[in-house]
Amino acid sequence: MLNNTNNSTSMPEWKKRIGTIVDHRYFSRTIIILILFNALVVGIETYPHIYDDNKMIFFRIDLALLWIFTIEIALRLLASSRLKDFFKSPWNWFDVLIVSLGHIFAGAHFITVLRILRVLRVFRAISVIPSLRRLVDALLMTIPALGNIMLLMSIIFYIFAVTGTMLFREVAPEFFGSLQLSLLTLFQVVTLESWASQVMRPIFEQLPWSWVYFVAFVLVGTFVIFNLFIGVIVNNVEKTEAVEEKESTKKEIMELRRDISELKSLIEQQYNRK
């Protein structure tokens, strides 16, 4: 703890000033507005009658935005206490990669690649807005748990697909003529996209008991499995928020210790003068 305090107090004054600028809420709000403006410009470029007549204007706007984002990342890099601390965050790696690719392909003839890179800059809104960053972190945390749910869902899909193929192959070959067709049909059913009118009712007219199969699959596949997905995601969002609160508390404690250390040094200076 003492080492961290010493590192914070030994930070040069110019780094502290840059850090104050970078941490200011108006700085982040300005970057968010520019990211949204970049998204708007890219959207307008999809209209040929507007883009073809103003190619140079769009090019200059993109170049200006690219350099603004470059300066923003450079300021955040300078504000960090150490270079290693800046690159600890995967989001910082993402920001550097997106902006660097913009410089690499600037002025190139790959128009489609350039436009895709401009669209990818919109993803930077996630790295700038803390609430979105927490949500994405929570989604990434769910990947291991989702693997088990996907395995369970695959087993359920396979059982119902084999059963559906055996039961309805002769009645509805366009939906259950083979195992792969049955899996595709069940995917449509699980999304609840016209499953009753297009899939179930034609079969129901010939096999009145078929509703049992479809209702059972909807109950198990849609409501149970999807609720498991939602439950895992919500649980990880709560965990992420708890981690964020812990980090925020730790940061406040470090700032408090730094202030106490500075106050102690001022008192010692006043005492030595006397």
Side-chain angles (χ1 to χ4, degrees), residues 39-40 42-43 45-48 90-91 94 98 111-113 115-127 129 131-241:
L40 179 63
V42 174
E45 286 183 11
T46 59
Y47 296 92
W91 292 110
F94 177 78
I98 292 298
I111 303 299
T112 304
V113 175
R115 289 184 177 179
I116 292 173
L117 289 175
R118 292 173 193 171
V119 174
L120 289 178
R121 286 183 209 160
V122 181
F123 277 116
R124 291 206 56 229
I126 299 174
S127 64
I129 302 174
S131 58
L132 291 179
R133 194 166 59 238
R134 285 196 297 269
L135 181 60
V136 173
D137 289 338
L139 290 174
L140 293 176
M141 288 173 60
T142 61
I143 291 176
L146 291 181
N148 295 326
I149 298 176
M150 289 295 293
L151 179 60
L152 175 62
M153 193 171 185
S154 300
I155 294 172
I156 293 172
F157 260 73
Y158 184 77
I159 292 172
F160 274 89
V162 172
T163 305
T165 304
M166 294 177 178
L167 293 176
F168 310 126
R169 176 184 293 165
E170 303 298 331
V171 178
E174 70 276 16
F175 293 122
F176 294 95
S178 62
L179 182 60
Q180 57 267 30
L181 279 176
S182 299
L183 289 170
L184 186 60
T185 301
L186 290 179
F187 181 78
Q188 178 184 347
V189 172
V190 84
T191 59
L192 303 180
E193 178 61 31
S194 303
W195 69 276
S197 59
Q198 291 185 6
V199 180
M200 187 193 77
R201 290 196 179 277
I203 300 175
F204 179 74
E205 291 176 357
Q206 301 185 50
L207 300 174
W209 53 265
S210 61
W211 66 269
V212 178
Y213 171 86
F214 290 100
V215 171
F217 179 73
V218 169
L219 289 175
V220 175
T222 302
F223 298 121
V224 175
I225 300 298
F226 280 4
N227 281 327
L228 283 175
F229 274 105
I230 294 170
V232 170
I233 292 172
V234 170
N235 184 40
N236 282 305
V237 168
E238 292 176 351
K239 286 182 180 179
T240 305
E241 290 178 351

Give a yes or no on this: more than 12 heavy atoms of other residues, nucleotides or ligands lie within 6.0 Å of atom CD of Glu174. yes
Less than 6.0 Å separating the ring centroids of Phe160 and Tyr213? yes
Say you draw a straight line from CE of Met200 to CD of Glu205; how long is it, rounded to the nearest 0.5 Å? 10.0 Å
Step-by-step side chain to side chain contact (heavy atoms under 4.5 Å, CB included) determination, Leu219 to Val224: CA-CA 7 Å; Leu219 289 175; Val224 175; 5.8 Å; no
Rounded to the nearest 0.5 Å, the CG atom of Leu183 sits from the CD atom of Gln188 at a distance of 13.5 Å
Applying ring-ring contact (aromatic ring centres under 6.0 Å, His included), name anything that partners Phe214, two or more places apart in sequence or on another chain. Phe168
Testing the basics here: between Val190 and Thr222, what is the closest heavy-atom pair and its distance to 0.1 Å? O-OG1, 3.2 Å
Side chain to side chain contact (heavy atoms under 4.5 Å, CB included) evaluation trace for Thr185 with Phe176: CA-CA 7 Å; Thr185 301; Phe176 294 95; 3.9 Å; yes
With rounding to the nearest 0.5 angstrom, report the CE to CG distance, Met150 to Leu152. 10.5 Å
In terms of heavy-atom contacts, Gln198 and Pro202 come closest through O-CG, 3.5 Å
Ser182: partners by side-chain hydrogen bond (donor to acceptor under 3.5 Å, both in side chains), with sequence neighbours left out: Thr165
At what distance, to the nearest 0.5 angstrom, does CG of Leu186 lie from CZ of Phe175? 11.5 Å
Are Met153 and Leu228 packed together at the side-chain level, in the sense that at least one heavy-atom pair is separated by less than 4.5 angstrom? no
